[in-house]
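Below you'll find the structure, written out as structure tokens, and then a few comments.
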Amino acid sequence: MPLAEPYDDDHRPAEESVAAAPEPGIEGTGGTLDDPVAAGATASTANPASTGIAGASGSGPGSGADPVPSADGPASPGDGVVPSADGPAPSGDEDPAAEDGPEPVLPEPVRQRIVVLAAAVLPSLPADEVPVPLRRVAKFAPNRRARLGAPMIATQLTGDPLFRQRVAARVLADAGDLGAAVLGGTAPAAAEPVEVAALAYLARPRGWRDLIESSGAAVRAEADSAVVAELVREAEQRATRAEHDRAVARVEADKLRDELARVREELGQLREESRQLGRSLRETQARERRASELLATERGRSARATADADSELRRARARLAEAEAAAGVARASAKESRSVDDARLWLLLETIGQAAVGLRRELALDPADRLPADFVADAFADQSNAPATGVATRARDSDDPARLDQLLALPRAHLVVDGYNVTKRGFGEMSLEQQRKRLITGLGGIAAQTGDEVTVVFDGAERMHGLPPSPRGVRVLFSRKGETADELIRRLVRAEPSGRPVVVVSADREVADGVRRHGAYPLGADALLRRLARS
């Protein structure tokens with residue numbers, strides 16, 4: 001499990017600071033549980049009672065070590081057995097000379113098992129029986145205790161016989177019959193060699209070195225068997241790969257032979273084609289010579305035809321001059337006739353204009369400062385929809401986008417735009433605010449170019465706040481609560497006089513049908529989008 005705290009020198013966790021020292025005697029392929037020299041130095045510093053145990057490991061006269069007392073009372077210097085807190089040590093039958101001599105060479109699995117067993121019993125020992133350097137290690141989590149505290153545990157097991165005997169007492173009690181057998185100096189045939197060696201190292205009965213040696217030999221034999229099995233498996237894999245490579249080589253050789261046969265066949269075909277091409281080339285050269293002869297003959301005929309064409313061209317030019325003279329006379333006559341028609345038309349328009357002026361004077365009509373759509377814009381938020389009183393008859397069924405410019409060219413045209421219907425079709429990837437701004441700006445350009453009245457209608461229960469000022473000639477309306485933009489567009493169309501051209505831009509089929517019944521010209525949204533893109 002990874003540590004939660006960062007690896008910082010100033011804020012290093014307690015577990016990391018304890019385990020920061022290298023783990024002597026644990027890494028490698030062989031060696032003692034810990035370095036005797038380092039173990040003796042550490043033990044003498046951490047536990048004064050264990051000074052000299054890691055170096056000599058013996059007790060008796062001349063050893064220079066004081067007897068180590070246990071929790072039950074002081075130990076007698078001549079016993080050779082150090083009692084633990086739970087009773088007499090499990091190594092009571094131990095050979096007094098078993099501690100003499102250097103530490104035995106332990107296989108790697110045995111060393112790891114000894115550390116794991118000691119780490120497992122650390123929390124169960126009383127606090128006063130745990131060496132001072134291991135008291136912090138005993139508080140580690142179970143999955144970290146053996147991994148992070150291995151150097152300290154190995155040092156104390158090597159240099160502190162009393163601590164080792166206490167650990168051995170707990171481990172042998174947990175091992176049951178196997179612990180009793182190891183304590184008696186025998187190893188069951190079915191027992192795990194690593195487990196037997198670890199228990200023998202901790203309990204140290206008579207012949208414990210022989211048990212460790214035999215277990216180490218068994219572990220090494222298993223390792224050698226595994227290596228031999230791995231070598232045999234690798235040899236079998238190499239043989240299988242070699243057989244596979246030979247099969248692949250045979251298949252590739254067959255493919256190459258087939259390819260060679262195919263190439264030879266293609267080579268024969270190419271040679272045959274080359275012979276055919278040679279014959280075709282000779283035939284082509286013969287036809288080229290005949291064509292050259294025919295070309296010379298045709299050139300003579302072409303020269304004669306050119307002379308005839310020149311004479312005919314001269315005659316045609318003479319006839320063209322006569323036709324141009326006749327056309328000049330006809331244009332003069334047409335100009336005179338058109339002047340008479342223009343005079344008649346001017347007189348008719350002048351009469352109509354004076355009649356209109358007289359009618360306006362007769363009706364005492366002042367110039368209108370408000371348009372019909374302005375009255376709808378003022379009243380649509382407070383008045384309910386009025387039913388249509390009549391149906392005009394000037395609607396035309398046309399969705400051609402090219403009609404937009406023609407309709408806007410009519411005098412006093414009124415352009416009504418279904419706002420969101422057009423923006424969501426043309427630039428729906430923008431936000432609603434950006435859609436409204438882009439459409440209103442484009443309609444301002446159309447109003448400036450054509451001088452027509454432009455009204456754009458958006459759905460909305462209330463008027464949006466923070467809108468930019470509308471361009472000159474563009475009216476922006478929002479439908480009131482409970483009313484849609486489609487209904488407001490129909491009201492605007494019904495408010496216009498019967499003779500005024502009204503153009504409604506919407507992709508909604510219901511809107512188009514509704515305004516057509518009231519005499520407006522419905523157009524699709526694509527017509528306006530193309531017109532805006534062209535501006």
Side-chain angles (χ1 to χ4, degrees), residues 1-3 7 23 26-31 107-113 143 147 190 192-194 215-309 399-402 424-430 507 524-527 529-530 532-534:
M1 178 182 298
L3 295 176
Y7 287 90
E23 188 175 341
I26 297 300
E27 296 182 357
T29 57
E108 180 66 19
V110 176
R111 282 200 306 276
Q112 294 179 358
R113 183 57 183 168
N143 58 344
R147 177 168 56 87
E192 180 69 25
V194 174
S215 299
V219 171
R220 286 190 291 272
E222 291 180 359
D224 294 340
S225 300
V227 171
V228 172
E230 181 65 20
L231 293 176
V232 172
R233 186 179 62 82
E234 291 179 357
E236 292 176 351
Q237 290 179 352
R238 286 196 296 270
T240 302
R241 286 196 296 270
E243 185 64 26
H244 177 266
D245 293 341
R246 283 195 295 272
V248 171
R250 286 194 295 270
V251 173
E252 291 295 332
D254 295 338
K255 290 182 179 179
L256 291 175
R257 282 193 291 270
D258 296 340
E259 185 69 16
L260 178 60
R262 186 182 62 80
V263 170
R264 287 177 177 174
E265 183 179 357
E266 291 180 355
L267 179 60
Q269 295 177 355
L270 290 175
R271 288 175 178 173
E272 181 63 25
E273 292 177 359
S274 176
R275 287 192 293 270
Q276 294 177 358
L277 289 175
R279 289 195 298 270
S280 299
L281 178 61
R282 290 190 292 271
E283 294 175 356
T284 301
Q285 291 174 349
R287 287 196 297 271
E288 184 180 359
R289 287 193 296 270
R290 291 195 297 271
S292 298
E293 296 173 355
L294 293 175
L295 179 60
T297 303
E298 292 298 328
R299 282 178 178 174
R301 294 178 182 177
S302 176
R304 290 194 297 271
T306 301
D308 296 340
D399 288 332
D400 186 3
K424 291 181 180 180
R425 185 177 181 88
F427 22 89
E429 70 279 358
M430 299 181 180
D526 291 337
L529 292 173
R530 294 177 186 175
L532 293 175
R534 190 173 71 242

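Keep in mind that the numbers below use all heavy atoms, side chains included, and drop hydrogens, waters and symmetry copies.
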Discussion item. I need the Arg534 CZ to Leu529 CG distance, nearest 0.5 Å.
Written reply: 12.0 Å
Item to complete: Drop me the distance from Glu272's CD to Leu277's CG, to the nearest 0.5 angstrom.
Response: 10.0 Å
Worksheet, complete the sentence: In short, Arg113 meets Val194 closest at the heavy-atom pair CB-CG1, 3.8 Å
Response to the item:
Taken in chain and number order and not counting sequence neighbours, the residues that satisfy salt bridge (charged side-chain N to carboxylate O under 4.0 Å, His left out) with Glu266 are Arg262
Response to the item:
Sorted by chain and residue number, the salt bridge (charged side-chain N to carboxylate O under 4.0 Å, His left out) partners of Arg282 (sequence neighbours excluded) come out as none
Side-chain donor-acceptor pairs under 3.5 Å in residues 223-234, sequence neighbours left out?
unit_1 : atom_1 : unit_2 : atom_2 : d
Ser225 : OG     : Ala221 : O      : 2.9
Glu230 : OE1    : Arg233 : NE     : 3.3
Glu230 : OE1    : Arg233 : NH2    : 2.9
Glu230 : OE2    : Arg233 : NH2    : 2.2

Worksheet item: Do we see a donor-acceptor contact under 3.5 Å between the side chains of Glu273 and Gln269?
Response: no
Practice prompt. Sequence neighbours left out, what pairs pass side-chain hydrogen bond (donor to acceptor under 3.5 Å, both in side chains) with at least one residue falling in residues 286-297?
Written response: Thr284-Arg287
Could you list the donor-acceptor pairs under 3.5 angstrom formed between side-chain atoms of residues 301-309 and any protein atom two or more places apart in sequence or on another chain?
unit_1 : atom_1 : unit_2 : atom_2 : d
Arg301 : NH1    : Glu298 : OE2    : 3.1
Thr306 : OG1    : Ser302 : O      : 2.8

Practice prompt. Applying side chain to side chain donor-acceptor pair (under 3.5 Å), name anything that partners Arg279, two or more places apart in sequence or on another chain.
Written response: none
